[in-house]
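Each ligand, and each atom within it, is numbered from 1 in the order the structure gives. Every value quoted in this text rests on a predicted model; they were computed, and no experiment measured them.
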Amino acid sequence: MASSAQLAFSPIDLHMHSLASDGTLTPTALVSRAHGAGVRVMALTDHDNTGGLAEAERAATALEMTLIRGVEISSVWHDQGIHIVGLFIDPDDQVLQAGLARVMAFRDWRAEEISRLLAGQGIADAAAGARNMAGSPMVGRTHFARWLVRQGHCGDPAEAFARYLGRGCPAYVPSDWIPMPEAVAWIRHAGGVAVLAHPGRYKLSGTQLRALLTEFRAEGGAGLEVSSGSQAAGDREHLGRLAKELEMAGSLGSDFHGPDMGHAAIGRLLPLPDGVLPIWQRAGVTFP
Ligand code: AMP
Ligand code: MN
Ligand code: MN
Ligand code: MN
């Protein structure tokens with residue numbers, strides 16, 4: 001990461017996680033931490049559920065912060081797992097909630113599969129352990145990773161992904177996530193805007209990323225994260241050019257998961273490059 005990125009700060013941070021998914025803070029503690037960091041507009045974007053939004057909104061109101069209702073949907077495009085952030089969603093929308101219920105059911109099934117595969121590696125009762133690590137009904141690989149560390153099977157979560165949980169590893173379950181067009185449709189039905197999360201993190205060539213974004217836009221996708229918490233130097237400039245060329249909006253978000261979760265800190269973001277339309281303007285929102 002460039003040294004300038006270490007000094008970066010944005011009062012707007014539109015991607016973070018709470019205990020409602022694989023973050024380590026309650027929604028209240030997350031909002032409070034964001035406020036303390038100087039963030040004034042934040043989106044809570046838990047994986048595949050909106051269970052933390054009501055609490056986050058109460059905490060934000062008390063601190064006179066703006067809380068944007070979000071979600072990060074686990075999706076797939078041509079066998080490539082991708083994440084789609086929905087911002088400005090109505091969490092009461094029935095189409096969105098019915099869709100998220102399907103993803104959560106897949107997560108439950110997958111947890112048992114991961115557990116079965118870990119048992120084959122001599123590690124018993126992992127699903128129960130992972131659920132124990134979770135602060136909500138959402139169980140994900142992060143919870144397995146933390147449990148594997150706690151049990152002494154791995155030194156840190158990154159090792160758990162490298163040895164057991166990552167693609168191609170013994171406990172990897174090929175993920176039957178929601179096709180990209182459906183995830184976009186749910187978000188739009190709920191009145192939200194769909195954003196491709198952390199585009200630099202996928203193993204896609206430049207040509208493939210352009211193809212993904214072109215299809216995403218054709219399905220109604222509105223933007224992409226141009227500035228994100230842990231991206232390589234130069235990614236922001238490259239993604240900003242892509243956003244302008246494809247006439248898509250730009251978003252920015254740390255992808256914060258917790259104080260001890262390494263990489264991303266709340267609000268530690270470089271601004272959107274000049275000329276990139278901010279996603280909130282695309283959504284028709286202005287901040288004071
Ligand atoms: P899941 O959605 O359950 O498949 O889990 C994906 C989540 O695992 C991501 O949102 C990250 O929070 C986390 N994750 C993915 N890869 C790694 C890694 N190599 N090290 C630590 N955490 C990871
Ligand atoms: Mn996560
Ligand atoms: Mn993600
Ligand atoms: Mn995320």
Problem set entry | Heavy-atom closest contact (W186 atom, I73 atom, distance) | CE3-CD1, 4.0 Å
For this session: Write down the atom of P199, the atom of L209, and the distance for their closest heavy-atom approach.
Result: CB-CD1, 4.1 Å
Problem set entry | Minimal non-hydrogen separation, H17 against D46, with atom names | CA-OD1, 3.4 Å
For this session: Provide the closest heavy-atom pair for A222 versus F216 in the form atom of the first, atom of the second, distance.
Result: N-CE2, 4.2 Å
Problem set entry | D235 (side chain) donor-acceptor with G200 (main chain) under 3.5 angstrom | no
Seminar exercise, completed: Correct closest heavy-atom pair for R33 and L25 would be CD-CD1, 3.8 Å
Exercise. Got a sec, which hydrophobics cluster with V149, joining ILVMFWY side chains under 4.5 Å apart, including via others?
Worked result: none
Kindly list each side-chain donor-acceptor pair under 3.5 angstrom involving residues 187-197, sequence neighbours excluded, with atom names and distances?
{"residue": "H189", "atom": "ND1", "partner": "D93", "partner atom": "OD1", "Å": "2.8"}
{"residue": "H189", "atom": "ND1", "partner": "D93", "partner atom": "OD2", "Å": "3.0"}

Seminar exercise, completed: Only residue of I279, L252, L269, V85 satisfying side-chain contact (heavy atoms from CB on, under 4.5 Å) with E225 is V85
Problem set entry | E64 atom CD, neighbour heavy-atom count above 12 within 6.0 Å | no
Exercise. Name the residues in contact with ligand 1, where contact means a heavy atom under 4.0 Å away: which are they?
Worked result: D22, H47, R107, R110, G140, R141, T142, A158, F161, H257
Problem set entry | Backbone or side-chain N/O/S of H15 under 2.8 Å of the Mn ion (ligand 3) | no
Exercise. Nearest to the Mn ion (ligand 3), which N, O or S atom of H83 do we find?
Worked result: ND1
Exercise. Under 2.8 Å from the Mn ion (ligand 2), how many protein N, O or S atoms can be found?
Worked result: 4
